[in-house]
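Below you'll find the structure, written out as C-alpha cells, and then a few comments.
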Amino acid sequence: QVQLVESGGGSVQAGGSLRLSCAVSGYTYSRYCMGWFRQAPGKEREGVAGISPNYLITRYTDSVKGRFTISQDNAKNILYLQMNSLKPEDTAMYYCAADPTPCSIDMRGRPEYDYWGQGTQVTVSS
C-alpha cells in the first residue's frame with residue numbers, strides 16, 4: 001500500500017518561497033507517476049506539477065511555470081515541490097499523489113491519481 005505524508009506548508013508573504021516535501025513509502029518509484037495537486041476553498045482540485053516514473057519528464061500547470069519545481073530524491077523516497085515567487089492565488093491545500101503506470105503527468109488534463117496524502121496548507125498573504 002502506497003502511503004504519502006506531506007510537510008512544509010505554512011504562511012508566507014507574496015514573493016516568498018516554500019518547499020513542500022512528501023515522504024513516500026510502499027511503492028517502487030520507477031513504476032509510478034508522482035504529482036502535486038492543490039485545492040483552494042470553493043474551487044476544484046487542480047494539478048500543479050507532475051514527474052514521470054523515470055524522472056526525465058516534468059510537467060506544470062501554466063500558472064506555476066517558471067516559479068515551481070518538482071523533484072524527487074530517489075534515495076530518500078521524498079517528493080519535493082519548490083515554490084518561489086509565491087502569489088496570493090497560490091493559497092490552497094496542497095496534496096502529493098501517486099499513480100501506477102500507465103499514468104499521466106499532464107496537469108492540464110486533470111489526471112486522476114490512485115494514492116493521496118493528507119495535504120499541507122499553503123497560505124500566501126499580499
Side-chain angles (χ1 to χ4, degrees):
Q1 182 73 10
V2 179
Q3 294 184 321
L4 306 102
V5 180
E6 303 96 333
S7 61
S11 297
V12 64
Q13 290 190 329
S17 298
L18 283 173
R19 187 176 77 162
L20 305 183
S21 299
C22 175
V24 189
S25 60
Y27 84 133
T28 301
Y29 69 90
S30 62
R31 299 178 182 175
Y32 286 80
C33 291
M34 303 296 296
W36 286 97
F37 297 76
R38 66 186 180 187
Q39 188 167 21
K43 294 187 177 181
E44 292 186 355
R45 185 183 67 205
E46 66 168 340
V48 176
I51 188 166
S52 63
N54 57 10
Y55 310 149
L56 295 180
I57 302 173
T58 57
R59 292 287 185 266
Y60 300 90
T61 192
D62 289 345
S63 62
V64 307
K65 285 181 180 177
R67 300 189 297 123
F68 289 12
T69 303
I70 187 172
S71 62
Q72 188 159 356
D73 185 327
N74 175 34
K76 296 181 180 179
N77 284 347
I78 298 177
L79 181 72
Y80 297 104
L81 183 68
Q82 178 66 43
M83 306 185 294
N84 299 327
S85 302
L86 282 162
K87 303 176 180 180
E89 51 263 44
D90 295 318
T91 295
M93 185 72 79
Y94 282 72
Y95 301 88
C96 67
D99 197 48
T101 57
C103 50
S104 173
I105 60 170
D106 183 359
M107 294 294 121
R108 296 171 300 177
R110 298 184 179 273
E112 294 292 333
Y113 278 31
D114 283 352
Y115 302 98
W116 294 84
Q118 82 289 350
T120 186
Q121 178 68 37
V122 172
T123 302
V124 184
S125 58
S126 58

Are the side chains of D114 and Y32 in touch, meaning some heavy atoms are under 4.5 Å apart?
no
Closest approach of A98 to V2 (non-hydrogen atoms, all atoms of both residues)
CB-CG1, 4.3 Å
Any ring pair (Phe, Tyr, Trp, His ring centres under 6.0 Å) pairs touching residues 98-126, not counting sequence neighbours?
F37-Y113, F37-W116
Might you point out which heavy atoms bring R45 and E112 nearest each other, and give the distance in Å?
NH2-OE1, 3.5 Å
Pair listing, ring pair (Phe, Tyr, Trp, His ring centres under 6.0 Å) test, anchored in residues 72-100, at least two apart:
none
Residues two or more places apart in sequence or in another chain: which of them pass side chain to side chain donor-acceptor pair (under 3.5 Å) with K65?
D62
Please list all pairs passing the salt bridge (Lys or Arg N to Asp or Glu O under 4.0 Å) test where one or both residues lie in residues 73-88, with sequence neighbours left out.
none
Listed partners of Q118 passing side chain to side chain contact (heavy atoms under 4.5 Å, CB included), at least two apart:
V5, E6
Who are the ring pair (Phe, Tyr, Trp, His ring centres under 6.0 Å) partners of F68, not counting sequence neighbours?
none
Residues pairing under salt bridge (Lys or Arg N to Asp or Glu O under 4.0 Å) where one sits in residues 26-41, two or more places apart or in two chains, turn out to be R38-E46, R38-D90
May I ask you to test the S52-C33 pair for a side-chain heavy-atom distance under 4.5 Å?
no
Minimum side-chain heavy-atom gap V64-M83 below 4.5 Å:
no
Excluding sequence neighbours, so at least two apart, what forms side chain to side chain contact (heavy atoms under 4.5 Å, CB included) with A49?
Y60, I70, L81
Evaluate the side-chain proximity of L79 to I51: yes if any heavy-atom separation is below 4.5 Å, no if none is.
yes
Nearest 0.5 Å, what's the CG-CG distance between L4 and N77?
10.5 Å
Side chains of residues 11-27: which donor-acceptor pairs under 3.5 Å do they make with residues two or more places apart or in other chains?
unit_1 : atom_1 : unit_2 : atom_2 : d
S17    : OG     : N84    : OD1    : 2.9
Y27    : OH     : Q72    : NE2    : 2.6

Enumerate, atom names and distances included, each donor-acceptor pair closer than 3.5 Å involving a side-chain atom of residues 119-126, sequence neighbours excluded.
unit_1 : atom_1 : unit_2 : atom_2 : d
T120   : OG1    : G9     : N      : 3.1
Q121   : NE2    : A92    : O      : 3.4
Q121   : NE2    : T123   : OG1    : 3.4

Please tabulate, one pair per line, all N/O donor-acceptor pairs under 3.5 Å involving side-chain atoms of residues 101-108, not counting sequence neighbours.
unit_1 : atom_1 : unit_2 : atom_2 : d
S104   : OG     : D106   : N      : 3.1
D106   : OD1    : R108   : N      : 3.2
D106   : OD1    : R108   : NE     : 3.3

